[in-house]
Amino acid sequence: TLRHAGLMTGVGTPTNAGILLLHNRPHQYIPGATVRIGFLEVTAAAIYEDEVFGSLIEQVHSTVELLFEKYLPEEEPAPRGTYRLGTAGGHGRPPRDAVHEAVLNALAHKNYDSGAPVQVSVFTDRLCIDNVGRPPRTWTVGALSDAHIAAQQPQSRGGLRSLGIIDGWGNGVSRIRMSCMEAGTPEPIFELRDDETMVCFP
């Protein structure tokens, strides 16, 4: 089954995608195969931060849990003149399903040759998820919203599809936007840089 999913070689050793999806410490073999989360000031200096380890699937779930428990707690509005995570600007927290999909997309489409972790930056007014790697340069942000064939990391995507975690139709961005619309929160802003893809939730 693992070989059919593209996660094992013909001689029975795991592929890089197999290590990412199945090993509990893939960063030991693939540098940067982690997620870094930080709460940052306007100056981009980290007030506090965490690093998430584990298989790709464990990283998705652990990152979302940590974000909603520690970085975006559901609390009463902060006293006037002060800031609290997830409450500045009056929008509250982005939908959990949308954040889950955005973290999964970042990990599934990341360029693992870069050695850089996925970065999740939390400010008082936004949550940004940034990964090294981007769609082809001919693509615009608008093209991401349409159904498309995903362009990065075909082995890890094939494994995720075989495991039933993604459907492989390239509609993750549409799901993120729909979750935000259904929750009544602002849609996230997508940005394609030279070698990065970023999504920011107000």
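- Note: F39 and Y71 fail the aromatic proximity criterion, with ring centroids not under 6.0 Å apart.
- Contacts of E187 classified as side chain to side chain donor-acceptor pair (under 3.5 Å), with partners at least two apart in sequence or in another chain: R177.
- At a threshold of 4.5 Å between side-chain heavy atoms, the hydrophobic network of Ile, Leu, Val, Met, Phe, Trp and Tyr places V173 and L107 in one connected group.
- A donor-acceptor contact shorter than 3.5 Å links the side chain of Q59 to the backbone of G54.
- Between the side chain of K110 and the main chain of A116, a donor-acceptor pair closer than 3.5 Å is present.
- For the pair D130 and V118, the minimum side-chain heavy-atom distance is 4.5 Å or more.
- With side-chain heavy atoms closer than 4.5 Å counting as contact, directly or through intermediates, the hydrophobic cluster containing M181 also holds M178.
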Trace of the side-chain contact (heavy atoms from CB on, under 4.5 Å) decision for E196 with E191: CA-CA 8 Å; E196 294 177 53; E191 188 175 342; over 6 Å; no
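- When side chains are defined from C-beta on, T34 does not count as touching V52, because their heavy atoms never get closer than 4.5 Å.
- A donor-acceptor distance shorter than 3.5 angstrom exists from the side chain of S114 to the backbone of N111, with no hydrogens or angles considered.
- Annotation: salt bridge (charged side-chain N to carboxylate O under 4.0 Å, His left out) contacts of R126 (sequence neighbours excluded): none.
- In this structure A98 satisfies the side-chain contact (heavy atoms from CB on, under 4.5 Å) test together with P95, I176, S179, C180, F201, sequence neighbours excluded.
- Of the inter-residue distances, the one linking I37 atom CD1 with L67 atom CG reads 4.5 Å to the nearest 0.5 angstrom.
- Contact of the C128 side chain with the V120 side chain is not registered, since no non-hydrogen atoms from C-beta on lie closer than 4.5 Å.
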Which atom pairs, one a donor and one an acceptor, fall under 3.5 Å between side chains of residues 21-30 and the rest of the protein, sequence neighbours left out?
residue, atom, partner, partner atom, Å
H23, ND1, R25, N, 2.9
R25, NH2, H27, NE2, 3.4

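- One distance of note links OG of S121 with CE of M198; it measures 6.5 Å at 0.5 Å rounding.
- For the atom pair CG of L104 and CD1 of I57, the computed distance is 6.5 Å after rounding to the nearest 0.5 Å.
- Listed by first and then second residue, the salt bridge (charged side-chain N to carboxylate O under 4.0 Å, His left out) pairs involving residues 53-68 are E65-R96 (not counting sequence neighbours).
- Residues F68 and V99 form a side-chain contact, since some pair of their non-hydrogen atoms from C-beta on lies under 4.5 Å apart.
- Between atom CE of residue M8 and atom OG1 of residue T15 there is a gap of 8.5 Å, rounded to the nearest 0.5 Å.
- In this structure the side chain of L40 never reaches within 4.5 angstrom of the side chain of Y48, judged on heavy atoms.
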Worked check of salt bridge (Lys or Arg N to Asp or Glu O under 4.0 Å) between R175 and D97: CA-CA 9 Å; R175 280 198 297 270; D97 287 348; over 6 Å; no
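- R93 places a side-chain N or O within donor-acceptor distance of the main-chain N or O of L72, the cut-off being under 3.5 Å.
- The hydrophobic clustering, which links ILVMFWY residues whose side-chain heavy atoms are closer than 4.5 Å, places L66 and F53 apart.
- V199 and V132 sit in two unconnected hydrophobic clusters of ILVMFWY residues. Membership requires side-chain heavy atoms under 4.5 Å apart, directly or through other members.
- Tracing side-chain contacts under 4.5 Å through hydrophobic residues (I, L, V, M, F, W, Y), one reaches I19 starting from L7; they form part of the same cluster.
- Remark: S55 OG to L20 CG distance equals 9.5 Å, nearest 0.5 Å.
- Cluster membership check: I189 does not share its hydrophobic cluster with L192, using side-chain heavy-atom separations under 4.5 Å among Ile, Leu, Val, Met, Phe, Trp and Tyr.
- Distance CD/E49 to CD/E51: 8.5 Å, rounded to 0.5 Å.
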